[in-house]
J.: 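Before I ask anything, let me first share the structure, which is written out below as structure tokens.
Bear in mind the structure is a predicted one, so any value in this text is a computation, not a measurement.
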There are 2 protein chains.
Amino acid sequence: MEEKSASFGFEQHDHNLCLSKAIQAAEDYCTKYKLQFTPLRRKVLELLLQEHRALGAYAILDLLRDAGFSSQPPVAYRALSFLVEHGFAHKIERLNAFVACTLSDTSHSPIFMICRKCETVVEAQSLSSNLNISAAAKAKGFEVEQTNLEAKGVCHSCVETV
Amino acid sequence: MEEKSASFGFEQHDHNLCLSKAIQAAEDYCTKYKLQFTPLRRKVLELLLQEHRALGAYAILDLLRDAGFSSQPPVAYRALSFLVEHGFAHKIERLNAFVACTLSDTSHSPIFMICRKCETVVEAQSLSSNLNISAAAKAKGFEVEQTNLEAKGVCHSCVETV
DNA sequence: AAAGCTAATGTTATATTATTGCAATAGAGG
DNA sequence: CCTCTATTGCAATAATATAACATTAGCTTT
Ligand SMILES: [Zn+2]
Ligand SMILES: [Zn+2]
Ligand SMILES: [Zn+2]
Ligand SMILES: [Zn+2]
């Protein structure tokens with residue numbers, strides 16, 4: 001009874017599994033590092049994991065209200081800060097929105113592919129590109145601490161549609 | 001009487017020349033493509049070129065007021081849109097701010113190195129990294145249209161200071 | 001030059017995104 | 001249970017950005 005209806009990585013996959021694994025991983029990480037994976041934080045991560053799209057803070061706030069939490073901006077922003085800080089989510093700067101992390105590896109330099117039609121956000125691990133960047137930077141005497149690459153384009157599903 | 005006091009590319013350089021060249025290039029480009037390089041647009045580009053730092057729209061607005069222009073938000077945002085659209089400036093998403101383009105090549109995929117201490121923003125041309133990204137994307141069936149890489153770190157001058 | 005058209009700018013209002021400061025509450029640790 | 005700290009709730013406001021419409025400037029055509 002495997003469900004593979006949701007799209008991810010621009011591919012079909014078992015999204016229920018995808019979601020529960022990510023939650024479990026976050027829980028394990030928090031236990032290990034004595035972080036508080038509170039109901040609020042868990043809920044926000046779940047909301048982000050529902051879809052492989054970036055959600056704005058105020059969209060999350062609406063969903064939190066539905067779930068019985070407070071719906072004041074700081075509530076969402078603080079939970080999101082926690083999730084981003086510990087690598088459970090990322091901020092997509094060009095959308096002012098947040099997406100759940102889909103890579104198990106903590107503290108990575110992600111590449112995001114953002115479909116401008118369906119707004120799906122897929123995260124990939126940076127390949128050698130990161131090395132090139134560091135090299136280019138080093139040549140200019142710059143110490144890279146964190147990189148963020150956001151690619152806008154059209155995904156497989158959308159490229160065929162008008 | 002060469003002046004090399006300003007830092008750029010984390011290096012000393014003749015900033016007056018740097019500025020006037022960029023203005024001239026923009027002027028030439030606009031003439032060629034019949035774009036209106038109006039006093040307002042020129043002024044905003046000049047303001048961005050003053051420093052190799054990203055300026056927020058409202059900072060620009062303050063400077064515009066000093067220069068006798070209107071200081072309502074749309075004035076700055078429209079001029080910035082024009083400059084960004086035609087490649088004379090870029091938006092630094094993680095700063096919600098704008099920086100003058102320092103590369104002559106029109107329509108490129110820039111890399112920005114942002115010093116978190118002095119806030120200098122240096123633009124570099126992407127090397128082979130772009131190819132890697134497109135390759136990674138293609139593997140996922142994604143058509144890259146535009147990429148933006150922002151690296152946070154510490155520049156040469158600041159790395160030595162506490 | 002005058003009229004007509006289009007692009008750019010001015011202006012007002014409002015939408016969207018994000019933070020500050022403080023009070024109340026929940027959870028960890030003794 | 002008590003204390004301390006982290007988290008959440010809440011109110012106000014800051015910072016960033018856009019929409020809608022009026023006015024002006026710069027061309028084009030007559
Ligand atoms: Zn999934
Ligand atoms: Zn799509
Ligand atoms: Zn310069
Ligand atoms: Zn610096």
J.: Tell me the interatomic distance from B:Leu95, atom CG, to C:dT17, atom P, rounded to whole angstroms.
T.: 18 Å
J.: Between atom CG in A:Leu40 and atom P in C:dA26, what is the gap in whole Å?
T.: 14 Å
J.: I'd like to check the side chain to side chain contact (heavy atoms under 4.5 Å, CB included) partners of A:Gln146; sequence neighbours left out, ordered by chain and number.
T.: B:Arg94, B:Lys152
J.: Quick one: is A:Lys91 getting a side-chain N or O under 4.0 Å of the C:dA18 phosphate, OP1 or OP2?
T.: yes
J.: Please answer whether the main-chain N or O of B:Arg53 pairs with a side-chain N or O of B:Glu119 as donor and acceptor at a distance below 3.5 Å.
T.: no
J.: Which nucleotide in the set C:dT19, C:dT11, C:dA18 lies at the smallest distance from any side-chain heavy atom of A:Pro74?
T.: C:dT19
J.: The side chain of A:Arg78 is closest to which nucleotide in this list: C:dA13, C:dG10, C:dG21?
T.: C:dG21
J.: Can you sort out the partners of B:Phe98 under ring pair (Phe, Tyr, Trp, His ring centres under 6.0 Å), two or more places apart, ordered by chain and number?
T.: none
J.: With a non-hydrogen cut-off below 4.0 angstrom, is B:Arg41 in contact with a base, only sugar-phosphate, or nothing?
T.: sugar-phosphate
J.: Taking only side-chain nitrogens and oxygens of A:Thr38, does any of them come within less than 4.0 Å of OP1 or OP2 of D:dT8?
T.: yes
J.: Using whole Å, what does the distance between atom C1' of nucleotide C:dT17 and atom CG of A:Leu61 come to?
T.: 11 Å
J.: Determine the minimum heavy-atom distance between B:Cys115 and B:Val154, stating which atoms define it.
T.: SG-CA, 4.1 Å
J.: Answer with yes or no whether A:Tyr58 presents, from its side chain, a donor or acceptor under 3.5 Å of a partner atom in the base of C:dA15.
T.: no
J.: Rounded off to whole Å, could you give me the CG-to-P distance for the B:Leu80 and D:dT16 pair?
T.: 13 Å
J.: From C:dT19, C:dA8, D:dC10, pick the nucleotide closest to the side chain of A:Ser70?
T.: D:dC10
J.: Considering only heavy atoms from C-beta outward, does the side chain of A:Val122 approach that of A:His52 to under 4.5 Å?
T.: no
J.: Return the value, rounded to whole Å, for the distance between atom CZ of A:Phe69 and atom C1' of C:dA26.
T.: 13 Å
J.: Write down the distance between NE2 (B:His86) and P (C:dA8), rounded to a whole number of angstrom.
T.: 9 Å
J.: Decide if the gap between the ring center of A:Tyr29 and the ring center of A:Phe88 is smaller than 6.0 angstrom.
T.: yes
J.: What nucleic acid atoms does B:Lys34 come within less than 4.0 Å of, heavy atoms only: base, sugar-phosphate, or nothing?
T.: nothing
J.: Distance check needed: C:dT16 C1' versus A:Arg94 CZ, whole Å only.
T.: 18 Å
J.: So, does B:Asn96 get its side chain near the phosphate of D:dA17, meaning an N or O under 4.0 Å from OP1 or OP2?
T.: yes
J.: What are the two closest non-hydrogen atoms of B:Thr147 and A:Ala151, and how far apart are they?
T.: CG2-CB, 3.9 Å
J.: Tell me the bend of the helix from C:dA1-D:dT30 to C:dG30-D:dC1 as the angle between end helix axes, each from five pairs, rounded to the nearest 10 degrees.
T.: 40°
J.: Please tell me which of the listed nucleotides, C:dT20, C:dT11, C:dA28, lies nearest to the side chain of B:Gln72?
T.: C:dT11
J.: Expressed as a whole number of angstroms, how long is the span from A:Phe37:CZ to D:dT8:C1'?
T.: 16 Å
J.: So, for A:His90 and A:Phe112, is the gap between ring centers shorter than 6.0 Å?
T.: yes
J.: Is B:Tyr77 close enough to D:dA17 that one of its side-chain N or O atoms is under 4.0 Å from OP1 or OP2 there?
T.: yes
